[in-house]
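To start, the structure under review is shown below, and the notes come after it.
Per chain, numbering begins at 1; letters A, B, ... match sequence-line order.
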Amino acid sequence: MSRRGDVIRGLYEAFAQALGPSRWWPGETPFEVAVGAILTQNTNWKNVEQAIANLKAAGAMTEKGLRALSPSVLEDLIRPAGYYRVKTKRLTEFLDFLEQESGLDIEALRGESLHDLRPRLLSVRGIGPETADSILCYALDMPTFVVDAYTFRMFARHGLVHEGMDYHELQESITDALPQSVTDYNEFHALIVRASKEWCSKSRPRCAACPARGLLDDPERLPQ
DNA sequence: ATCCGGTCCT
DNA sequence: AGGACGGGAT
């Protein structure tokens, strides 16, 4: 009966009602989802789409196809996504991980437990908590919730982020309010991203038009 | 000019 | 805690 849980479930309800089903993550295969998760780090998804198109055109949107590329060619293909030098290293580290953990086949990770796999993913250089959870939830259908900059911003505006709150604290506060379900974790994060682009933008948020405006502390005094 | 489904290094 | 990484869209 916490107000925090009520607000969190209320956000989910409001966005689900307004936006409908999301069918996330954009990506045709689990491997493409994982690659997209790395490429979109602090980067506009629109730019990532170009990099993904380049990789597909080069036959590099499979484990073996990507492995066959030289670093300089890979850099050129993913350049539109920005940070192309560090991201080339991160994709290579991820392939190294797949090679030793799963015989270069991401699907082989499905047999693993979330509890065992998550820390191993986090040990890969360039894969932090958000990227790890994105891969686990959206590529492997495991019940872990993705927290991102959109989540922090939206939840802060609703008074749900306390001073110094870190990734795992916010994550736990959200999953505590929801059924432990990969379907709900998947959908709620997708709705947060869509709603953030639609209404909860960083500058000039469109609170008056937001389906969640009624959940604000004081709906009469809107942010900015 | 500002912003972007972060993460690592110093 | 502060900085580096970066091209593309709005």
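Distance from the side chain of A:Arg153 is smallest for B:dC4 among the nucleotides C:dC5, B:dC3, B:dC4. Checked against B:dT7, C:dA9, B:dC4, the side chain of A:Lys46 finds its nearest nucleotide in C:dA9. Side-chain atoms of A:Val86 lie closest to C:dG6 of the nucleotides B:dT7, C:dG6, B:dC3. The side chain of A:Gln50 has C:dA9 as its nearest neighbour among B:dC4, B:dG6, C:dA9. Looking at the side chain of A:Gln41, the nearest of the listed nucleotides C:dC5, C:dG7, B:dT7 is B:dT7. With B:dC4, B:dG6, C:dG7 as the candidates, the nucleotide lying closest to the side chain of A:Tyr84 is C:dG7. Of the candidate nucleotides C:dG8, C:dG6, B:dG6, C:dG6 has the atom lying nearest to any side-chain atom of A:Tyr83. Set against B:dC4, C:dG7, C:dA9, the side chain of A:Arg79 has C:dG7 as its closest nucleotide.
For the P atoms, the distance linking C:dG6 with B:dT10 amounts to 16 Å, nearest Å.
Heavy atoms of A:Val124 sit under 4.0 angstrom from primed sugar atoms or phosphate atoms, though from no base atom. A:Ile127 comes within 4.0 angstrom of sugar-phosphate atoms only, judged by non-hydrogen atoms across all strands, and of no base. Among the protein residues, A:Lys89 comes within range of no part of the nucleic acid, since none of its heavy atoms lies under 4.0 Å from any strand. At the heavy-atom level, A:Ala81 lies under 4.0 Å from base atoms of the strands shown. Counting any heavy atom pair closer than 4.0 Å across all strands shown, A:Arg90 reaches a base atom.
Donor-acceptor pairing under 3.5 Å, judged by distance alone, is absent between the side chain of A:Thr43 and the base of C:dG8. Residue-to-nucleotide contacts include a donor-acceptor pair under 3.5 Å from the side chain of A:Asn47 to the base of C:dG7.
Between A:Arg125 and B:dT7, a side-chain N or O to OP1/OP2 separation shorter than 4.0 Å is absent. For the OP1/OP2 pair of B:dT7 and a distance below 4.0 Å, the side-chain nitrogens and oxygens of A:Thr131 include at least one atom meeting the criterion.
For the pair A:Lys87 (side chain) and A:Ile78 (backbone), a donor-acceptor distance under 3.5 Å is absent. Looking only at distances, no side-chain donor or acceptor of A:Asp133 sits under 3.5 Å from a matching main-chain atom of A:Val146. The backbone N or O of A:Leu19 sits less than 3.5 Å from a side-chain atom of A:Arg194, completing a donor-acceptor pair. Not one N or O on the side chain of A:Thr40 forms a donor-acceptor pair closer than 3.5 Å with the backbone of A:Ala37. Put simply, the side chain of A:Glu172 never gets that close to the backbone of A:Glu169: no donor and acceptor are under 3.5 Å apart.
For the pair A:Ile38 CD1 and B:dC8 C1', the computed distance is 14 Å after rounding to whole Å. Atom CG of A:Leu77 is separated from atom C1' of C:dG7 by 15 Å (rounded to the nearest Å). As a whole-Å value, the separation of A:Asn44 CG from C:dG7 P is 15 Å. In this structure, A:Glu93 places its CD atom 14 Å from P of B:dT7, rounding to the nearest Å. Across the protein-nucleic acid pair, A:Arg194 atom CZ and B:dC4 atom C1' stand 19 Å apart, rounded to whole Å. In this structure, A:Asp166 atom CG and B:dT7 atom P are separated by 13 Å, rounded to whole Å. When rounded to the nearest whole Å, the span between CG of A:Leu39 and P of B:dC4 equals 18 Å. Remark: C1' of C:dT10 and CZ of A:Arg206 are 12 Å apart, rounded to the nearest angstrom.
Pairing each heavy atom of A:Met61 with each of A:Ile52, the nearest pair is CE-CG2, 3.6 Å.
Mapping A:Ala132 and A:Ser201 onto DNA chain B by nearest heavy atom places A:Ser201 closer to the 5' end of the strand.
Counting heavy atoms from C-beta outward, A:Tyr185 and A:Gln180 have side chains that approach closer than 4.5 Å.
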